[in-house]
Amino acid sequence: MGTLGPRAGTVCAGLGGGPPGAHPPTLQGVDVSERVENRSAGQAPATKAQRRLAAQLAEKKAAEARRRRQSILGAAVGVLAVVALVGGLVWLNSGDDDKTSTAGSSASPTAPAEPSAPAPELPAGFDPALKTKPTVQAGTGELKKLTVTTLVKGTGPAVKAGQNITTNYVGVFYKDGKQFDASWDSGQPATFQIGVGQVIKGWDQGLVGVPVGSRVQLDLPAELAYGNDAAGGRPAGPLRFVVDVLAAQ
């Protein structure tokens, strides 16, 4: 009977509270504060998972923000590229206009073209051939005398010595056909008195008697033209003229 007392007292001491200042109560030799600490330690894994979830969410939001920034940046770059392309096309077009303007100015002739003489007014019944400047060829062989060849025969009255006649003419060197004078180039027919020494002998002799409205070829040896002396720029040697008689008064 005496041995049961101490064991029962030990058990009761384990369950009961102690006086203030005493050690924490124990259950079967385990401190209660250790169990509280263990429970607190058991909550740590849940906190880490939440932190990982929060970190994942933050990373996802950061990635979305980066994508939005990249999309905005890409759109801006596209707009700038379009603006640059349009600007380049405008610049190229303006350059083409400048080239076009420069090409047009460089294509202009360096010297003014020789004015073409208007076709002379011809009286009714004149051959239309007299409206066009004739082409005069060089002669052949040695020219020894005045030769008058009718190319177009007029229907007007014959030219008389002392009359004032109006003519269009072309003068070339007989040997090579090179032109030295032509009333056609100035557009002004020549008017003079015929058969009185105002013109060279070959004209005075060759044009008297020619019907008005005629075109004649005059082959003049040097002595009936300007001679063989080219002093003063005169055409020397034998000459050939094609003369249109437009009027005689």
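If you read the sequence from its start, that first residue is 1, and numbering goes on from there. This one's a predicted model, so the numbers in the text were calculated from it and none came from an experiment.
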**Q.** Taking every non-hydrogen atom, the tightest pair across Val199 and Phe192
**A.** CG1-CD1, 3.5 Å
Q) Given the rule that I, L, V, M, F, W and Y join up when any side-chain heavy atoms are under 4.5 Å apart, are Leu224 and Val243 in one cluster? A) yes
Q: Could you tell me the separation between the CG atom of Leu246 and the OG1 atom of Thr167, rounded to the nearest 0.5 Å?
A: 7.0 Å
Q) Shared ILVMFWY cluster between Leu130 and Val216, side chains joined below 4.5 angstrom? A) yes
Q. Which pair of non-hydrogen atoms, one from Leu143 and one from Pro238, has the smallest distance, and what is that distance?
A. CD2-CB, 4.0 Å
Q.
Can you tell me how far apart CD1 (Ile200) and CD (Glu223) are? Round to the nearest 0.5 Å.
A. 11.5 Å
Q | Sequence-distant partners of Asp219, salt bridge (Lys or Arg N to Asp or Glu O under 4.0 Å), two or more places apart | A | Arg240
Q. side-chain contact (heavy atoms from CB on, under 4.5 Å) with Ala222: which residues, sequence neighbours excluded?
A. Asn228
Q: Can you see which heavy atom on Pro189 is nearest to which on Thr166, and at what distance?
A: CB-CG2, 3.7 Å
Q | All ring-ring contact (aromatic ring centres under 6.0 Å, His included) counterparts of Tyr169, not counting sequence neighbours | A | Trp203
Q.
Could you report the tightest heavy-atom contact between Val208 and Asp204, atom names first, then the distance?
A. CG2-O, 3.1 Å
Q) Are Phe126 and Leu207 in one and the same hydrophobic cluster, where Ile, Leu, Val, Met, Phe, Trp and Tyr link if side-chain heavy atoms are under 4.5 Å apart? A) yes
Q. Honestly curious: do Val212 and Leu218 fall in one hydrophobic cluster under the side-chain, below-4.5 Å linking rule?
A. yes
Q: Starting at CD of Gln198, measure out to CD1 of Ile165 and round the result to the nearest 0.5 Å.
A: 10.5 Å
Q | side-chain hydrogen bond (donor to acceptor under 3.5 Å, both in side chains): pairs with one or both residues in residues 134-144, sequence neighbours excluded | A | none
Q | Between Asn168 and Ser183, a side-chain donor and acceptor under 3.5 Å | A | yes
Q: Begin with the C-alpha distance, continue with both residues' side-chain angles, and end with the deciding distance and a verdict on side-chain contact (heavy atoms from CB on, under 4.5 Å) for Lys133 and Asp185.
A: CA-CA 9 Å; Lys133 179 181 177 181; Asp185 296 344; 3.0 Å; yes
Would you list the atom pairs, donor with acceptor, under 3.5 Å between side chains in residues 151-163 and any protein atom, with sequence neighbours excluded?
from   : atom 1 : to     : atom 2 : distance (Å)
Gln163 : OE1    : Lys160 : N      : 2.8

Q | Straight-line distance of Lys175 NZ to Leu239 CG, nearest 0.5 Å | A | 11.0 Å
Q. With sequence neighbours left out, what residues match Pro134 under side-chain contact (heavy atoms from CB on, under 4.5 Å)?
A. Val170, Trp184, Arg215, Val242
